[in-house]
Q: 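One structure is given below, represented as structure tokens, and several questions about it will come after.
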Amino acid sequence: MAKKEYKFNPQTLTYEVIAAPFQVRFYRLLRKILIGFILVSIVNFVFSYFFYTPKMYKINRDNSELILKYDLLQDKINAASQKIKEIKQRDIQVYRPLFAADTLQLSGIYTEYPNKKYAAFAGDHFEPVMQAAWKDLDAMTRLIYLESRSMDELQLLSQDKEKMALSVPAIWPIDKRKLRGSIGAFGGRNHPILGRYIAHKGIDLGAATGTPVYATGNATVIVDKNGGSGYGKQILLDHGFGYVTRYAHLSKVLVVPGQQVKRGKVIGEVGSTGRSTGPHLHYEVMYMGNNVDPINYFRRDMDEQEFERIIASAKETTYEAD
Ligand SMILES: [Zn+2]
């Protein structure tokens, strides 16, 4: 209570209250409000320091729930990441080798994004939880992208697969029933004419002069040298997919360079031209520039009927360049 001011009135012989001026009264009121406010604030501050308000209780509970939910989310992300990694593993070990495709390399696919991408979480109380989840999701997204690129590539290769199956050398270059004597094997041997040990880059198939020689896979004729070298008259066929075949010591060459030939097409006739002791076909298979054993490229499961069917269908072929 503010002190009241009195004044003696000689007429009434009493003390009368002097009303304070308005400004002073206003000031006093303001002071009261201010003091009251400060007091309430102090009490509130002290109270809330030791006790939670109902609102804070709620916020706290919400936060705990949020962390729990983030943990569950992280578990789900980990499980999904694991699945993607398994798919990637299967892709590398099973699907890509089916098409002889190397492991797909995309630069930066395993590089984490710079930290500034996650700047929005910086200083946040839950930064570690949030950032880990985002980083894992980003890594997963990059792996999904890698796998989708790999699938695209394999799809293209699978379209080529049929063409590849028809092109890779896969049949005997002469009719097996017309073979004479034993087969000159691939690898090292004492050369019958040169009289010294040299590598034999193909196999020798003895047969009578004039025996038809077949293209062992769909190909383009790339060379047709008539004599000159030790190979005599020879044909080289480019099958694509890294494969080239050579047919040497021929008596006749029936194709020209640039010509497209189908598997089973008669391309020449057995002879004994070049460095040869008697009529035979010298047959080579090269893969990526290296000579490989042609025996491995004769389809073992092919019976005579199938061989004849291939030869017959080659006769009807319509896509030769000539
Ligand atoms: Zn030979």
Side-chain angles (χ1 to χ4, degrees), residues 167-259 261-302 304 307 310-311 314:
S167 302
V168 171
I171 62 169
W172 286 77
I174 61 167
D175 190 336
K176 233 173 14 174
R177 291 163 295 187
K178 293 182 177 162
L179 269 176
R180 279 188 194 167
S182 57
I183 295 172
F186 172 84
R189 63 162 187 181
N190 278 309
H191 194 274
I193 290 179
L194 297 174
R196 58 186 163 88
Y197 186 88
I198 58 157
H200 192 218
K201 292 175 171 180
I203 54 169
D204 294 328
L205 304 168
T209 299
T211 303
V213 173
Y214 307 113
T216 53
N218 294 357
T220 309
V221 180
I222 49 170
V223 117
D224 169 21
K225 282 186 201 155
N226 285 309
S229 73
Y231 286 120
K233 290 185 181 178
Q234 64 162 338
I235 298 165
L236 277 169
L237 295 185
D238 183 358
H239 300 266
F241 304 97
Y243 289 98
V244 171
T245 49
R246 183 197 304 276
Y247 311 78
H249 310 304
L250 303 172
S251 60
K252 266 188 196 165
V253 170
L254 303 172
V255 287
V256 293
Q259 186 177 339
V261 293
K262 204 173 170 182
R263 175 178 291 152
K265 159 88 177 167
V266 178
I267 53 174
E269 289 177 7
V270 172
S272 190
T273 56
R275 221 153 36 217
S276 169
T277 54
H280 78 284
L281 173 71
H282 171 91
Y283 175 61
E284 287 179 21
V285 175
M286 287 157 268
Y287 178 63
M288 299 290 183
N290 297 313
N291 282 88
V292 291
D293 192 343
I295 288 288
N296 295 329
Y297 290 86
F298 296 157
R299 237 184 251 161
R300 282 148 210 263
D301 56 346
M302 187 185 292
E304 282 173 10
F307 183 81
I310 287 170
I311 303 304

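Whatever order the structure lists them in is the order used to number ligands and atoms, beginning at 1.
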Q: Could you tell me which N, O or S atom of Asp204 is nearest to the Zn ion (ligand 1)?
A: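 Answer by atom name: OD1.
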Q: Can an N, O or S atom be found in His280 less than 2.8 Å away from the Zn ion (ligand 1)?
A: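 So His280 does not bind the Zn ion (ligand 1) by this criterion.
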Q: Give the atom name of whichever N/O/S atom in His282 sits closest to the Zn ion (ligand 1).
A: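 Nearest N/O/S atom of His282: ND1.
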Q: Classify the ring geometry between Tyr243 and Tyr297 as parallel (under 30°), tilted (30 to 60°) or perpendicular (over 60°).
A: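 Perpendicular, since the angle between the ring planes exceeds 60°.
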Q: Tell me if a side-chain donor or acceptor on His280 pairs with a main-chain N or O of Gly278 at a distance below 3.5 Å.
A: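 Yes, the answer is positive, given that a donor and an acceptor are paired below the 3.5 Å cut-off.
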Q: Does any N or O in the side chain of His249 come within less than 3.5 Å of the main-chain N or O of Thr273, such that one atom is a donor and the other an acceptor?
A: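 Answer holds: yes.
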Q: Under the criterion side-chain hydrogen bond (donor to acceptor under 3.5 Å, both in side chains), which of Thr216, Thr245, Asp204 is the partner of Tyr283?
A: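 Going through Thr216, Thr245, Asp204 one by one, the side-chain hydrogen bond (donor to acceptor under 3.5 Å, both in side chains) with Tyr283 is satisfied by Thr216 alone.
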